[in-house]
Amino acid sequence: MSSGYRRTLAKGMVVCLGVLAAAGCGTSTGASGDGTVTVSVDCQPPTSNSIERKQWNADVAAFQKLHPNIRIKSIDRFPCEEPASFTAQLRGGTEADVFYSYATDTDQVLNSGQAADITKYVDAKAVPTLGDLDKTSLGIGRRDGRIFSLPTANYTMGLVINRTLFTKAGLDPDTPPATWPEVTAAAKRISAKIPGVAGYADYSAGNNGGWHFAAEIYAQGGQVVTEDGKKAAFNDAKGRQVLTNLHDMRYGDDSMGARQNLAWADLLQLAAAGKVGMYVGAPDTIQAIVDNYKGSYDDFGLGPMPGQSGPAVATLGGGNQYFFKKTDTPAQIRAGIAWLTFKYLTPGRGQFDFARAKSAGQPVGLPEPQLFGGATGAKVDALRAANANVPVGNYAAYRANRVPYQVEPPHAQAIYKVLDTAMSAALTNPHADVDRLLDTAEQQVNQVLASGS
């Protein structure tokens with residue numbers, strides 16, 4: 001994550017020929033007396049992350065060499081967005097000129113009135129890969145046809161499998177289950193063939209259960225809330241199918257094991273120990289298993305999110321983006337777009353400099369982010385594969401069957417907390433009444449949405 005740099009007065013005449021031409025060469029807010037435009041950008045990696053910090057600084061230097069009229073002022077902030085301070089900055093107008101935000105906080109940013117409309121600055125000249133940029137990711141920062149942010153990362157959930165356990169159970173690890181009936185059958189076989197292993201595991205604690213409920217109802221073609229965000233929308237046949245699938249696997253097939261009420265770390269620790277055959281998750285969970293719990297990349301693969309009777313209608317996804325402060329000058333906006341394009345949206349550079357990442361010992365080959373389709377996506381995939389140090393073939397099914405994604409619902413964490421209870425009951429009570437669980441959850445989520453908290 002990325003940025004910083006400088007330039008000299010001797011290059012001043014270049015400004016009118018470069019990225020800032022349309023903004024003119026005069027000085028203004030963000031411009032020093034020699035015509036240099038300064039842009040503050042947050043989310044510089046902390047010094048404790050020495051590799052990414054070094055890469056950020058190197059990218060800033062390289063960018064500023066290409067654009068000597070731009071100076072990037074890096075702001076060291078980790079985590080990149082902390083909810084309380086982020087809200088305070090929006091209220092006080094103290095955010096960076098180019099500021100980082102999670103996709104889930106888009107409405108908060110736009111409702112604050114702090115984001116600049118960058119529509120007229122975003123075109124194929126400013127962002128050469130724009131035509132291949134994932135439309136959902138770009139659409140997160142759009143309102144009424146206007147563009148307010150650029151995406152820099154995204155994720156989507158799929159089905160993570162333990163390839164070693166699949167092989168032991170006589171299943172084909174290169175063909176992960178693509179529907180919930182296939183998941184059920186594979187989970188039953190794994191748990192029957194390999195004692196002490198849960199064929200499938202899912203969350204039901206720490207707001208993670210509600211998070212996965214959202215992903216699984218999206219796969220059914222359902223929604224968590226209504227389009228206007230004012231009412232719960234999950235108390236229907238699709239919501240019942242989500243809980244029924246899990247309840248039947250837990251108590252009908254006994255393929256999920258007795259240990260339930262799993263939160264984030266619980267499930268990943270079990271997976272790292274070879275105790276879980278499958279779970280719903282994004283590619284970064286595989287890296288977490290390896291980095292935090294001594295798992296092996298060789299053991300894990302990834303398929304698309306399962307649908308009910310065919311391909312999933314959608315999956316849950318999200319990512320990161322950068323907004324531009326409403327007080328930014330045109331020159332600062334153009335400079336910020338140039339930086340984001342260099343760091344995050346160009347194959348072979350910045351976050352897509354896979355050769356550099358490999359030489360630094362970072363994992364290369366995980367199918368994330370998937371920011372592009374078309375020729376740009378193919379180029380990124382080829383660069384990733386050419387420099388891979390993890391088994392890219394393990395993720396072929398996921399890459400070949402991209403599922404459209406939807407972002408999290410408004411007030412996601414409060415909603416997930418409610419839905420945790422429904423998920424937990426379905427997985428811990430053999431006599432759970434799915435209809436009643438959804439009725440109760442609907443009432444509680446409607447209260448959350450009505451209160452706006």
Side-chain angles (χ1 to χ4, degrees), residues 1-3 5 18-22 39 41 43 55-56 58-60 62-67 70 72 98-101 103 106 116-142 145-156 283 317-324 332-358 364-388 392 398-400 402-405 407:
M1 334 268 286
S2 39
S3 157
Y5 202 57
V19 68
L20 304 181
V39 184
V41 183
C43 201
Q55 291 171 344
W56 171 286
D59 285 339
V60 166
F63 173 78
Q64 293 182 159
K65 188 173 182 179
L66 283 175
H67 302 284
I70 302 173
I72 301 295
V98 182
F99 62 99
Y100 174 102
S101 171
T106 300
D117 180 345
I118 62 171
T119 309
K120 68 181 180 180
Y121 305 101
V122 179
D123 55 29
K125 183 177 180 181
V127 186
T129 57
L130 182 65
D132 288 334
L133 193 58
D134 179 76
K135 298 301 184 289
T136 302
S137 299
L138 182 60
I140 289 170
R142 281 183 181 268
R146 313 302 294 173
I147 301 174
F148 292 89
S149 71
L150 286 177
T152 56
N154 62 358
Y155 77 90
T156 61
N320 312 326
Q321 60 194 323
Y322 275 92
F323 287 93
F324 296 73
Q332 287 178 304
I333 292 174
R334 292 183 187 279
I337 290 172
W339 162 249
L340 296 179
T341 298
F342 179 93
K343 176 64 176 172
Y344 297 108
L345 301 175
T346 302
R349 285 181 172 169
Q351 71 169 336
F352 295 119
D353 187 344
F354 298 120
R356 178 178 69 180
K358 183 179 181 179
V364 178
L366 287 166
E368 187 179 82
Q370 292 195 101
L371 279 172
F372 301 105
T376 306
K379 187 173 183 178
V380 168
D381 285 346
L383 289 170
R384 183 183 278 125
N387 293 282
V392 292
Y398 175 85
R399 290 172 45 244
R402 292 179 67 168
V403 177
Y405 79 89
V407 297

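Basis for what follows: all heavy atoms, side chains included, without hydrogens, waters or symmetry-related copies. Here the structure is a predicted model, which is why all the values come from computation and not from measurement.
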Side chain to side chain donor-acceptor pair (under 3.5 Å) between Thr152 and Tyr100, intermediate numbers included: CA-CA 9 Å; Thr152 56; Tyr100 174 102; over 6 Å; no

Heavy-atom side-chain contact between Tyr121 and Ile147 under 4.5 Å: no

Pro369 backbone acceptor or donor facing Asn154 side chain under 3.5 Å: no

Smallest separation among heavy atoms of Gly348 and Leu383, with atom names: N-CD1, 3.6 Å

Heavy-atom check, side chain of Asp381 versus side chain of Phe372, under 4.5 Å: no

Spacing of CZ belonging to Arg349 relative to CG belonging to Asp59, to within rounding of 0.5 Å: 9.5 Å

Derivation and outcome, side chain to side chain contact (heavy atoms under 4.5 Å, CB included), residues Thr106 and Phe148: CA-CA 9 Å; Thr106 300; Phe148 292 89; over 6 Å; no

Pair Lys379 + Asp132: basic N to acidic O under 4.0 Å: no

Parallel, tilted or perpendicular: ring planes of Phe354 versus Phe352, cut at 30 and 60 degrees: perpendicular

Pro151 and Leu371, any side-chain heavy atoms less than 4.5 Å apart: yes

Short side-chain to backbone donor-acceptor contact, Arg384 and Val364, under 3.5 Å: no

Smallest separation among heavy atoms of Pro283 and Leu366, with atom names: O-CD2, 4.1 Å

CD1 on Ile118 to CZ on Arg334, rounded to 0.5 Å: 11.5 Å

Leu340 vs Val98 side-chain heavy atoms within contact, under 4.5 Å: yes

Nearest heavy-atom neighbours spanning Ala116 and Ile333: CB-CD1, 4.2 Å

Heavy-atom pair with the smallest gap, counting every atom of Ser137 and Tyr405: OG-OH, 2.7 Å

Short side-chain to backbone donor-acceptor contact, Arg356 and Gly350, under 3.5 Å: yes

For the student: nearest non-hydrogen atoms of Ala124 and Leu130, plus distance: N-CD2, 4.1 Å

Thr156 side chain near Val403 side chain, heavy-atom distance below 4.5 Å: no

Tyr322 side chain near Cys43 side chain, heavy-atom distance below 4.5 Å: yes

Worked verdict on Leu133 versus Val127 for side chain to side chain contact (heavy atoms under 4.5 Å, CB included): CA-CA 10 Å; Leu133 193 58; Val127 186; 5.5 Å; no

Lys135 atom NZ, over 12 foreign heavy atoms within 6.0 Å: yes

Gap between atom CZ of Phe342 and atom CD of Gln351 - 0.5 Å precision: 12.0 Å

Any Arg402 side-chain heavy atom under 4.5 Å of Asp134 side chain: yes

Check: Asn320 and Tyr344 side chains under 4.5 Å, non-hydrogen atoms: no

Smallest separation among heavy atoms of Ala335 and Phe63, with atom names: O-CZ, 4.0 Å

Distance (rounded to the nearest 0.5 Å) between Ile70 CD1 and Gln332 CD: 10.5 Å

